[in-house]
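One structure is given below, encoded as structure tokens.
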Amino acid sequence: MIGTAAPRRLGDLLIEKGYLSAEGLQTALTKQRQQANADKLLGEILVESEICSEEQIMECLAQEYGLPFARLDQRICDASCADVLPREYIDANLVLPLFVVRDTLTIAVSEISNLFLIDEIASLTELQVQVVAATSRDIRRMLTSLPNSKVFVIDDIIEDAEPADVLLIEDTIEDIGDMEEIAGQSPVIRLVNYIIHSAVKAGASDIHIEPAERCLRIRNRIDGRLYKSLEVPKHLVNAVTSRIKIMASMDISERRLPQDGRVHVLLEGRKIDLRVSTFPSSRGEKTAIRVLDTRTVSLNLEDLGFAEDILKYFQQQIRAPNGIVLVTGPTGSGKSTTLYGALNSIATMENNVCTVEDPIEYKLPLINQFQVQEKLNLTFSKALRTLLRQDPDIIMVGEIRDEDTVRTAIQAALTGHLVLSTLHTNDACSAVTRLLNMGIEPYLVGAALNSVLAQRLVRRICPSCRHAYEPARAVRKAVQRMGYEIDSFYKGAGCQRCRNTGYRGRIGIHELLLLDDTIRDAIAAQSSVQTIRRLGIENGMITLRHDGFRKVREGITTVEEVLHAAGEVTATHGGENVSDSVRDVDGDTPSAVAQGTSGDNMTERESQ
């Protein structure tokens, strides 16, 4: 039984066991005092920070409460006794019935400080209850083996297994019935698990499974760039695709039309959502998997790379009583993460915050999130109109795609609501032109629109192999001619931690256009993008390229990354073309497409 004496503090227990140092405890306590972690327990902070393992924490707590600590596996769990408790209760309280012997139920729990749990379970089961302590990760993993579970466990594979150890299928099977059978066999399951496991471990945001001419090629998108993961025999295309379709509840008999699905996997005790998309190609079905791992994404605006001056004004904008705030950029530029971070910072008990999304990527507390259902004709515009009858204070529309959605959003903004949304444009000023091209009257755009934030993601220099270097003379001269004085340039040499790329992780660069009366008059007069940009810069707008070069000066990223994200410089010095000398560490020339800075030549005025 759980004792009633006051337990000692977790930090003291871990230090006594030798699992934690005093410095590590102080680091975790400092992090816990941050506003973003105010609701988290010390144990959660220690595990997230990888200071202690969940097993170490649970072992100490179990010893303190006088309970046995168990590492769970199938051998000690009788799945037939799962029915002694309602499945909803098991999931809500994260408990796992193990076995019943002589009217005594042995049950694994992770929240062993809950003094009322034993009495509650005893009243529900009419059995004597014996409690053992187990980690939440082990309990979640075992719960997936219970009947009606929809979560796939991908932990139980050998990380260092060679592909040849996994691929045991020799014959191509075209029959759909046989394909379903072969996709459920262990070798294919192990291969798909290996693909997902290695991608998540590497921090990939997307997995591309592509039929090539002679093989099945798997590539992972890490920090915005694609890297080859492995190649397997081409005759496994149908088996691998069918296995993924089965996991995502898709139709394995349909190979001629695109399909979309979702699947939840469990890795190291945490749920990871996968968005699956298949598309028929000339060599077979291509599969793309978007990895949504909440542990790798910070929803705090302070962690997204905002410069202090831009963050200050953006926070003011998302706390305005009404109007529209847009976040723009290409696919994969972090727009949704920024919006989630904005909502996370302004959602309170006093506000009714509602979202219309397609799909819902991350579930947030204190926010009512609604899913668009295109098949049921519940589009963004229809959902938004209905949402206005739910008495919202703040509305987030996942994406503005058509005139109907824009008009509904403008109506909401003009009737006292704050509307946040995304738009696909190259820079902040182009958002105005995009709205006008959708057929919206200029006076409505000027009246409803408060601000536009454009953003890109650039790769961070790997801190493990970061070092100063002397760039090509043309690069330094070009940077100086644009109005920047950078004393030291940095790059990564390449190491094991960054996969020899010199980069690890990404950070945002931003451009915030604030609409004042002058800019609103220019919009009403249907002025050009160049005019609006000039007025924005005169009003203090920091451009994408300017914010990027500030991060170059701070040693966070490189010139090559900024030019790749914000547009290439077309300047020459001493007869040497700058674009010929500015190259990535792997030898690739930066994109010639001036994303977000088309027609914009950097001037000394921008380096204010």
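Along the sequence shown, residues are numbered consecutively beginning with 1.
- One finds no salt bridge joining D273 and K363 here, because no Lys/Arg side-chain nitrogen approaches an Asp/Glu carboxylate oxygen to under 4.0 Å.
- Considering only residues two or more places apart in sequence or on other chains, T135 meets the side chain to side chain contact (heavy atoms under 4.5 Å, CB included) condition with E54, E55, M58, F69, R137, D138.
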Derivation of the side chain to side chain contact (heavy atoms under 4.5 Å, CB included) call for V131 and I121 = CA-CA 10 Å; V131 175; I121 294 174; over 6 Å; no

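- Summarising the local packing, CD of Q128 is surrounded by 12 or fewer heavy atoms from other residues, nucleotides or ligands at distances under 6.0 Å.
- Ring pair F489/Y469 is perpendicular by interplanar angle, where above 60° counts as perpendicular and below 30° as parallel.
- Within the 4.5 Å cutoff, the side chain of V325 has no heavy atoms near those of the L453 side chain.
- When all heavy atoms of G508 and D547 are compared, the pair lying nearest together is O-OD2, 4.3 Å.
- Under 4.0 Å is where a charged nitrogen must lie from a carboxylate oxygen, and between E560 and K491 no such pair does.
- P97 approaches L85 most closely through the heavy-atom pair CG-CD1, 4.2 Å.
- Scored by the side chain to side chain contact (heavy atoms under 4.5 Å, CB included) test, A342 finds F314, I318, L420 as partners (sequence neighbours excluded).
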Full working for side chain to side chain contact (heavy atoms under 4.5 Å, CB included) between L366 and V353 = CA-CA 7 Å; L366 297 178; V353 182; over 6 Å; no

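- Salt-bridge check for R225 with E561: passed, with a basic side-chain N closer than 4.0 Å to an acidic carboxylate O.
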Side-chain donor-acceptor pairs of residues 103-110 under 3.5 Å, sequence neighbours excluded:
none

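- The pair D309-K312 fails the salt-bridge criterion, with no side-chain N (NZ, NE, NH1 or NH2) lying under 4.0 Å from an Asp/Glu carboxylate O.
- I196 contributes atom CD1, which lies 6.5 Å from atom CD1 of I244 (distance to the nearest 0.5 angstrom).
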Could you walk me through whether R504 and R497 pass side chain to side chain contact (heavy atoms under 4.5 Å, CB included), step by step?
-> CA-CA 8 Å; R504 183 150 58 93; R497 299 193 67 182; 3.6 Å; yes

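- Taking 4.5 Å as the limit, every side-chain heavy atom of S277 sits out of range of all side-chain heavy atoms of R290.
- A side chain to side chain donor-acceptor pair (under 3.5 Å) with Y503 is found for one member of D223, T557, T558 and no other, namely T558.
- When only modelled atom types and interatomic distance are considered, S345 and Q315 share no side-chain donor-acceptor pair under 3.5 Å.
- Side chains of M396 and E357 form a contact here, defined as non-hydrogen atoms less than 4.5 Å apart.
- Closest heavy-atom contact between R506 and R460: O-NE, 3.6 Å.
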